[in-house]
Structure formats: structure tokens, C-alpha cells
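Take a look at the structure set out below.
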Protein chains: 2
Amino acid sequence: MTESEEERFALANDLRLACQRIARRVRFESTSQVAPHQFSVLAHLHHGGAQTPGQLAALDRVSAPSMTRTVNCLEADGLVARVPHPGDGRQVLVELTAAGLAIITRTIASRDTWMAAHLEGLDDDQLSLLRKAADLLLEVSNG
Amino acid sequence: MTESEEERFALANDLRLACQRIARRVRFESTSQVAPHQFSVLAHLHHGGAQTPGQLAALDRVSAPSMTRTVNCLEADGLVARVPHPGDGRQVLVELTAAGLAIITRTIASRDTWMAAHLEGLDDDQLSLLRKAADLLLEVSNG
DNA sequence: TATTGTTATACTCTATAACTATA
DNA sequence: TATAGTTATAGAGTATAACAATA
């Protein structure tokens, strides 16, 4: 392994560790009204619009029956609604209700508030550094 | 809200999102032999050394009986061992075995490999930018 | 016949309450 | 009496297999 490869692995380790820690802290921060697996579905719908149970199950690496159950709970709580699929009678679309959207919005805000609070002590140079890093990391996480 | 505050919140949002995405991708990447909640215990022991079941339960925001069960499974699999607490007969110390350490090491390596692979396309300027950002984020995640 | 989604059943993880051992 | 840990019991989530409806 060359020196630059070692440096890249060290950077990979630190970046991964930092991201995992922040994700963990952020997750514990927002004591949302819904369970994590339920919130995950709301987040997917918020991000990608109405989707079928099958798509949602694939996104969360979960079985179809599990997703059926989760969607049932969310529907009973009025956070999502099932609507007929326009082109295929076998499929169903799950969409976010206003109440579901409100929970998503509130949770995201509380998580961002935590993150913003932890950026308070940084100076302008550090903030602009993180600004560029955030853009890079968003690209990396999409790749 | 001032303009700089808005920028800080926008940065907070992007950083949080990127960290969550990377943490998620990394988690799905390593199909470890042990379940996530079990791996979490191994990671805590790897990071902080031998600890009591009570400490481990607090770290994972989990009840004491749940941690008892998880430690039982890990002990049955030979990944951790219970040893008497030196100073207090009521307490027990959970420590990593060689087999447990091996799983941790292998999983960390596979996660870092994923992260490193996703840094491949970046040039030296971008890598040194992320190097500084990683240090900042590690500080932030400890705060 | 293939596919989407749902029900049936069993297993695992977690929590609260009760119990045991030590301080 | 207080604390650390473990058992007992019940509730919630998930998976595999079987079923219903549509393509």
C-alpha cells in the first residue's frame, strides 16, 4: 500500500466515524412520536413522493409483509394514506398526509437545530470549509 | 434570522443529510455475522474496553434486561465474556474475546473500504479539504 | 402464469415488573 | 435500604409461507 493510499484509508476511517457519530447523535436527538422504522417510511415519502409498498420495502431492506404492517400503523395514525395506483390495479400508492408531513418537518427541524447548535463555536473559515465539504460529501453519498 | 444564521442552518441541513446518508450506506454495506444491536455492543467494548451491562445499556438507550439478553447471545457465540468486577461483587464486566475482536476488525475494515472506494474519484485538493473537515466533524461529534 | 399486495404463523428484540445477590 | 444484574411475562417488529386480486 502506497503512502497516499494509507492516507486515503485513514481519511476514510475518520470520515466514516464522524458521519456515523453525527448520524447517531442526530437520531437520538429527535424523540419523534413515531418509531424509527415508521419515520423512515415518512422520510422516503417526503423525499421521493408517493410510492408503492414494494418500493418502500426495498428501500428499507425489509420484507413486503413487514412494510404492509408498518404502513397499516401509519395509516391508522393518519400519517399516510393508501390510494389506488392509476395504471395498475394490483399496486397501491402510499402517500404522505398533512399530519405525516408535519411530523417529518418538525423532526427535520429539530435535527438541523441540533446540528446547527454544534456548529456555533466555529469561525468563518471553518464554516466555509465545512460548506465545501458538505457539498463533496453529498456527492459521495449519492455515488 | 440573519443571513449568516440562514447559511449556518443550510449548512447544518446539508451536513446532517450527508452524514446520515453515508452512515446508512456504510451500515448496509457490511453484512456482518451479528445483528446490528449486537454489533453495537462489540463496538462499544472495542472503543471503551470492558464495561458493565448497565453501562452498555445506557450507551444504547436500551433497558437492562434487553442488554442482558444481548450479552447472553454474544457470550453464547463466544464473542464476549463475563468476568467478575474486581471491586464490587454485584457488578459484572463484559469484555471482548478474540473472536469478537476479529468480527469488529473485519467489519470496520469493510466499512472503511467502502468509504475509501467512494473517495477514489477525488483530486488532492478535495482530499485535503475532506481531511480538515473530518477533523472538524470528529470534534463536533464529540461536543 | 407472473406479479403485487395482504393474511397466517412463528421467532426475535424490547420493556416493565418481580426476584436474587451484594453493598 | 439501595444497587447491579438476572428472570418472567407481555407487546411490537420482522420473516417465510400461503392466499387473493390483477396483469
Side-chain angles (χ1 to χ4, degrees), chain A residues 24 27-28 30-45 48-96 100 103, chain B residues 24 27-28 30-45 48-96 100 103:
Chain A
R24 177 189 177 82
R27 196 173 66 247
F28 277 136
S30 64
T31 53
S32 180
Q33 295 98 331
V34 301
H37 68 287
Q38 293 178 331
F39 180 81
S40 177
V41 170
L42 298 183
H44 287 311
L45 297 177
Q51 292 168 73
T52 68
Q55 290 174 313
L56 294 169
L59 284 170
D60 280 340
R61 316 291 214 270
V62 122
S63 70
S66 290
M67 188 50 70
T68 291
R69 187 185 177 83
T70 301
V71 170
N72 284 346
C73 291
L74 290 171
E75 194 175 33
D77 290 342
L79 304 180
V80 305
R82 280 184 171 92
V83 298
H85 193 287
D88 189 336
R90 296 171 301 181
Q91 299 189 51
V92 175
L93 279 177
V94 183
E95 65 179 22
L96 217 51
I103 283 188
Chain B
R24 177 189 176 81
R27 197 172 63 247
F28 277 133
S30 63
T31 54
S32 179
Q33 295 99 331
V34 302
H37 68 286
Q38 293 178 333
F39 181 81
S40 177
V41 170
L42 298 183
H44 287 310
L45 297 177
Q51 293 170 70
T52 68
Q55 290 174 313
L56 295 169
L59 284 170
D60 281 338
R61 315 289 215 274
V62 121
S63 70
S66 290
M67 188 49 69
T68 291
R69 187 183 178 82
T70 300
V71 171
N72 285 346
C73 292
L74 290 171
E75 195 176 32
D77 291 342
L79 304 179
V80 305
R82 281 184 170 92
V83 298
H85 193 288
D88 188 337
R90 297 170 302 180
Q91 299 189 52
V92 175
L93 280 178
V94 183
E95 65 178 22
L96 217 51
I103 284 189

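Quick note on labels: first sequence line is chain A, next is B, and so on, each numbered from 1.
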Who pairs with [X] by salt bridge (Lys or Arg N to Asp or Glu O under 4.0 Å), at least two apart in sequence or on another chain?
{"X": "Glu95(B)", "result": "none"}
{"X": "Arg69(A)", "result": "none"}
{"X": "Asp77(A)", "result": "none"}
{"X": "Arg82(B)", "result": "Glu75(B)"}

Heavy-atom distance under 4.5 Å between the side chains of Leu45(B) and Val80(B), does that happen here?
->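 Yes; the side chains approach each other to less than 4.5 Å.
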
Set of residues satisfying side chain to side chain contact (heavy atoms under 4.5 Å, CB included) with respect to [X], sequence neighbours excluded:
{"X": "Ala43(B)", "result": "Phe39(B), Ile104(B)"}
{"X": "Gln38(B)", "result": "Val34(B), Ala35(B), Thr70(B), Cys73(B), Leu74(B)"}
{"X": "Ser40(A)", "result": "His44(A), Asp60(A)"}

In whole angstroms, how far is the [atom2] atom of [N] from the [atom1] atom of [X]?
{"X": "Gln38(A)", "N": "dG13(D)", "atom1": "CD", "atom2": "C1'", "result": "10 Å"}
{"X": "Gln91(B)", "N": "dA2(D)", "atom1": "CD", "atom2": "P", "result": "18 Å"}
{"X": "Arg82(A)", "N": "dT6(C)", "atom1": "CZ", "atom2": "C1'", "result": "9 Å"}

For Thr68(B), which residues count as a side-chain hydrogen bond (donor to acceptor under 3.5 Å, both in side chains) partner, sequence neighbours excluded?
->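 Partners of Thr68(B) under the side-chain hydrogen bond (donor to acceptor under 3.5 Å, both in side chains) test: none.
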
Who passes side-chain hydrogen bond (donor to acceptor under 3.5 Å, both in side chains) against Gln51(B), sequence neighbours left out?
->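 Checked Gln51(B) against side-chain hydrogen bond (donor to acceptor under 3.5 Å, both in side chains); zero matches.
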
What residues in residues 53-63 of chain A put a non-hydrogen atom under 4.0 Å from any atom of DNA chain C?
->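 Correct list: Pro53(A), Gly54(A).
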
Of the residues in residues 66-76 of chain A, which ones touch DNA chain C at a heavy-atom distance under 4.0 Å?
->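 The answer is Thr68(A).
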
Between the protein and nucleotides 18-23 of chain D, list the N/O to N/O atom pairs that are separated by less than 3.5 angstrom.
unit_1: dA23(D); atom_1: OP1; unit_2: Gly89(A); atom_2: N; d: 3.0

Would you mind classifying the nucleic acid contact of His85(A) as base, sugar-phosphate or nothing, using non-hydrogen atoms under 4.0 angstrom?
->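 Contact class for His85(A): none.
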
